[in-house]
Amino acid sequence: MAGRFRRLFKVFRGKKGPGAAPAQQPEELEQFQPRQDDAAPDRTQEQDRAHGRFRSTVQVPAAIPTWAGPAVAAQPSTAPGAPLGTALPSLSFVLLQMFRKFIPIRRGKTSTTATEGTAEPDSGLTELQAEPDVSTDITAPSEDSDSPTNDHTVKTDRAVTEDMAITNTDTGETQGIPNTDTTPIPTGIHAPELGYFKNSADSSQQQVPAMVSNIHQSLGSHVTVGARLGFNLLRLAEEHPADVVLTLLRCAPSCDRAATMMWRLLGLSGSTLEKVLPTLLCVMEDWPLHSMCTSDGDDTPVLALAATLGLWVIVQVPRCHEAVNLYSSRIFVALLFQVVITTQQMPEEVDHFWRACWEEHRLPTNPNRFAVQAMKALLCRLRCDNEVVAMERKRGWDTLLCADTQHYAVGLLAREMRRVSLPMCSGIALRLLGLLSREEPRWDLPFLAFLVEVLECLDLRECSDSVLEMMSRYLLSECRQRCRLALRGLVVLSKDPAMARRMGSLSQRLVELLGDADGEVVRMSLSVFMNALENKDILVSSTTAPKLAEALLPLFENDNSHVQLFSIHLFCKVMELVVEEGKKPLERIVSQSLLLLFLHCHEENRHVAEASMETLLCAAGFLKRRNLKQLVKKEQLLMFAECLLAEDRSRAAERLHQALPFVESPQESLREAAVRFMALQALRRDDSPSQTNIVVQKIFNKRAAELRSSAGSEPESL
């Protein structure tokens, strides 16, 4: 019957026309790949799409094959609505399609390996962008194809492609592939089927590195990943993720075009990526080289920066979101580590490696900038775009690249992230806590800065011991920045009653810090004490109470109103919460505070004046001086000063010495209160001029001279 139809079509082959085939015809049919019925007339460099689990591509050559003779060149279409550049098939070809519907053609079974094109010579990563446009052209097998479906099944989230086109087009540039003006011409070169992949039981684990290397070498001359080859890579990665990752990093540490396609393919499969990421992150966390032996015995070290390049490619794959989100905390910490370490330390071998990378792929000249760029891409993938913009607006990314200011930038980033992603910050805090709990942490200052900002995200019931131990260690550090950060952390921890009860061992160090010249250090130390003593069940020990009270007295005159207010409030707390056996040693210090508190009751700052009045009342009650307590309640402060002088004449000189600095106070109310108190002392009758009266006379003379000098007249002695 086929012969009858062959004679039927002779009349059509004999006709001449534009682009017609030569008259000479072969005896047998020339094998060709049939079109689908709804396919476009001419797709010389495109791939047909269809739905299905696996998708195959039918490559349509630039010339249409006929039954007899050489191919007939496709002619431009003149049909209405035909797209520019397409061509209609010859009449014989149309009849052939009709013929095939009725008469099945017997053919031998062939494998539908995707046709792959040759690669352009310049293969490498293009300039990096935060949100690349990665397109994967996925097609399905033809309905009448005799090729069997692959025996192995995959999960529905995999995007295994028969012809995964990772090429550049004029509409967008794919990351990791050079930008070319022309689409590669399809050739007859097919990806190797590699028979030893067909049965996993036949391949031992020792062969996995060789298989991965073979795949990488095969992709070096092609621009697409065949479905069989891609499926084999995914299967190997799921069964032996460490071998696949380490071998790929050794084959292509600078992430050439073939490696880029392989990393992207791994990123397209969520289940595979979940198994690959731990090994990749393990390499990134080991600076500068990571040594791990693969199944074939190869223990060649791999560079941490090479793993960062691979991660960068994976993060930009749109389908990687779920797996990346699962490991988001660890990925962030690994990238933060890369930013910190590449800023502070660059070994020679790493410097040479990166120089080759940025020259080949047009990457940032400094690896820390590349790590920052990868961190931005990660945050964008995690939908933290606003935080990236906020850091840019506050110049945080630039600050992150300087070793001296890195911890400030990391703290800023932590505050921005804490507003929108508490679960992620909690995971980051736990990982940083593990790093900082080591005996000799490296480059810990930025990590400590981030941890302090997100301490509130931690569940202290699970990690209270390690957190408190770490903060205690940094509180004793000679580095001022580390000590300040530890204090900030303790301010947060002291708000938790359970943690506050365990901070008793830190009281001695905190008392020492009250005498620090840094006002912020003093303020935070006071805050830790105040937060801890807010719990009524926490008492002040007999050894801590006098030391703490004595350290607080000089702070009553601190220039910082917050320090001044905290110190007065804390002094009152100490008197209220000191244990019974500690009250006797505390009486002398409380007695010294009476005049100071009396003078501060005249403060212009209303909050300080009220706190001083409240603490003065508490001090009078602590000393069991009922008359002084009644005068304070009635706010008869002048009579309080007279009673104070009358009851303890032996300490008149000491109290006068306490009042002298207030005469020089910039606040007029304090100056008047001090002068009035000293005048009361001077007016007390004495048989002979005392040393106290002489001092008071000198003070009055000096003050009068200043007043006259400011008025423009000559000073006169009194």
Side-chain angles (χ1 to χ4, degrees), residues 123-125 176 191-222 225 229-267 269 272-314 327 330 334 337-338 341 347-357 360-361 367:
S123 61
L125 291 168
E193 296 184 12
L194 303 179
Y196 46 76
F197 285 121
K198 293 182 179 179
N199 190 347
S200 59
D202 297 338
S203 58
S204 63
Q205 185 176 355
Q206 287 77 11
Q207 293 177 301
V208 173
M211 298 175 187
V212 176
S213 179
N214 199 339
I215 294 175
H216 175 265
Q217 185 177 2
S218 301
L219 291 177
S221 58
H222 300 85
V225 180
L229 200 61
F231 178 76
N232 290 332
L233 176 63
L234 292 179
R235 194 197 50 155
L236 284 174
E238 287 203 357
E239 295 178 359
H240 312 286
D243 280 350
V244 170
V245 170
L246 293 174
T247 303
L248 185 52
L249 291 176
R250 287 168 182 156
C251 290
S254 60
C255 199
D256 57 18
R257 184 186 55 80
T260 300
M261 288 191 289
M262 295 174 71
W263 287 123
R264 284 208 186 109
L265 182 59
L266 295 175
S269 173
T272 305
L273 186 56
E274 290 180 12
K275 298 180 179 181
V276 165
L277 279 177
T279 302
L280 196 62
L281 292 170
C282 186
V283 176
M284 291 178 60
E285 293 163 354
D286 198 2
W287 180 264
L289 295 170
H290 177 78
S291 296
M292 182 184 291
C293 187
T294 49
S295 58
D296 61 349
D298 188 0
D299 60 351
T300 305
V302 292
L303 287 164
L305 271 179
T308 309
L309 282 169
L311 179 67
W312 161 258
V313 174
I314 290 174
Y327 286 92
R330 187 174 178 184
F337 175 78
Q338 291 281 327
I341 189 58
E348 186 176 355
E349 64 270 25
V350 178
D351 185 62
H352 291 332
F353 165 75
W354 191 252
R355 187 181 302 275
C357 287
E360 180 181 356
H361 305 310

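As the structure is a computational prediction, the values presented were derived from the model and not from experiment. Note that these values count all heavy atoms, side chains included, but never hydrogens, waters or copies made by symmetry.
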* side-chain contact (heavy atoms from CB on, under 4.5 Å) evaluation trace for Leu249 with Val245 -> CA-CA 6 Å; Leu249 291 176; Val245 170; 4.0 Å; yes
* Does any N or O in the side chain of Asp243 come within less than 3.5 Å of the main-chain N or O of Ser295, such that one atom is a donor and the other an acceptor? -> yes
* **Closest non-hydrogen atom pair between Leu265 and Gly230, with its separation** => CD2-CA, 3.3 Å
Report all side-chain donor-acceptor pairs from residues 275-284 shorter than 3.5 Å, counting only partners two or more places apart or in another chain.
none

* To do: Mind checking the CE-CG spacing from Met262 to Leu219? Nearest 0.5 Å is all I need.
  => 6.5 Å
* Taking the side chain from Ser254 and the backbone from Cys357, do they hold a donor-acceptor pair closer than 3.5 Å? -> no
* Measure from the side-chain N and O atoms of Thr308 to the backbone N and O of Ala304, and report whether any donor-acceptor pair falls under 3.5 Å. => yes
* Structure fact -> Rounding to 0.5 Å, atoms NE2 (His352) and CZ (Arg355) come to a distance of 7.5 Å
* Structure fact -> Smallest heavy-atom separation, Phe353 atom then Leu303 atom, equals CG-CD1, 3.3 Å
* To do: Test side-chain contact (heavy atoms from CB on, under 4.5 Å) on Val313 and Cys255 and set out the steps.
  => CA-CA 9 Å; Val313 174; Cys255 199; 3.9 Å; yes
* To do: State, to 0.1 Å, how close Gly267 and Ile314 come at their nearest heavy-atom pair, and which atoms those are.
  => CA-CG2, 4.2 Å
* Structure fact -> What one should report as the nearest heavy-atom pair of His216 and Ala252 is NE2-CB, 3.5 Å
* Looking at side-chain heavy atoms only, is the closest gap between Leu266 and Leu233 below 4.5 Å? -> yes
* Minimum heavy-atom distance between Pro209 and Asp296, given as atom pair plus value -> CB-OD2, 3.4 Å
* Checking side-chain contact (heavy atoms from CB on, under 4.5 Å) for the pair Leu289/Glu349: CA distance, chi angles, key distance, verdict? -> CA-CA 10 Å; Leu289 295 170; Glu349 64 270 25; 4.3 Å; yes
* To do: Look only at the side chain of Thr260 and the backbone of Asp256, and say whether a donor-acceptor pair between them is shorter than 3.5 Å.
  => yes
* To do: Would you confirm whether Arg250, through its side chain, and Val302, through its main-chain N or O, come within 3.5 Å as a donor-acceptor pair?
  => no
* **CD (Gln206) with more than 12 external heavy atoms under 6.0 Å** => yes
* Would you check, one step at a time, whether the test side-chain contact (heavy atoms from CB on, under 4.5 Å) holds for Asn232 with Met211? => CA-CA 9 Å; Asn232 290 332; Met211 298 175 187; over 6 Å; no
* Asked: So, do Cys293 and Asp298 sit near enough that their side-chain heavy atoms are less than 4.5 Å apart?
  -> no
* How long is the gap from CD on Gln205 to CG on Leu236, to the nearest 0.5 Å? -> 10.5 Å
* Asked: Just how far is it from atom CG of Leu234 to atom CG of Leu273, taken to the nearest 0.5 Å?
  -> 10.5 Å
* **CD-CD1 distance between Gln217 and Ile215, expressed to the nearest 0.5 angstrom** => 11.5 Å
* Structure fact -> Heavy-atom nearest pair, Phe337 first then Glu285, reads CE2-O, 3.9 Å
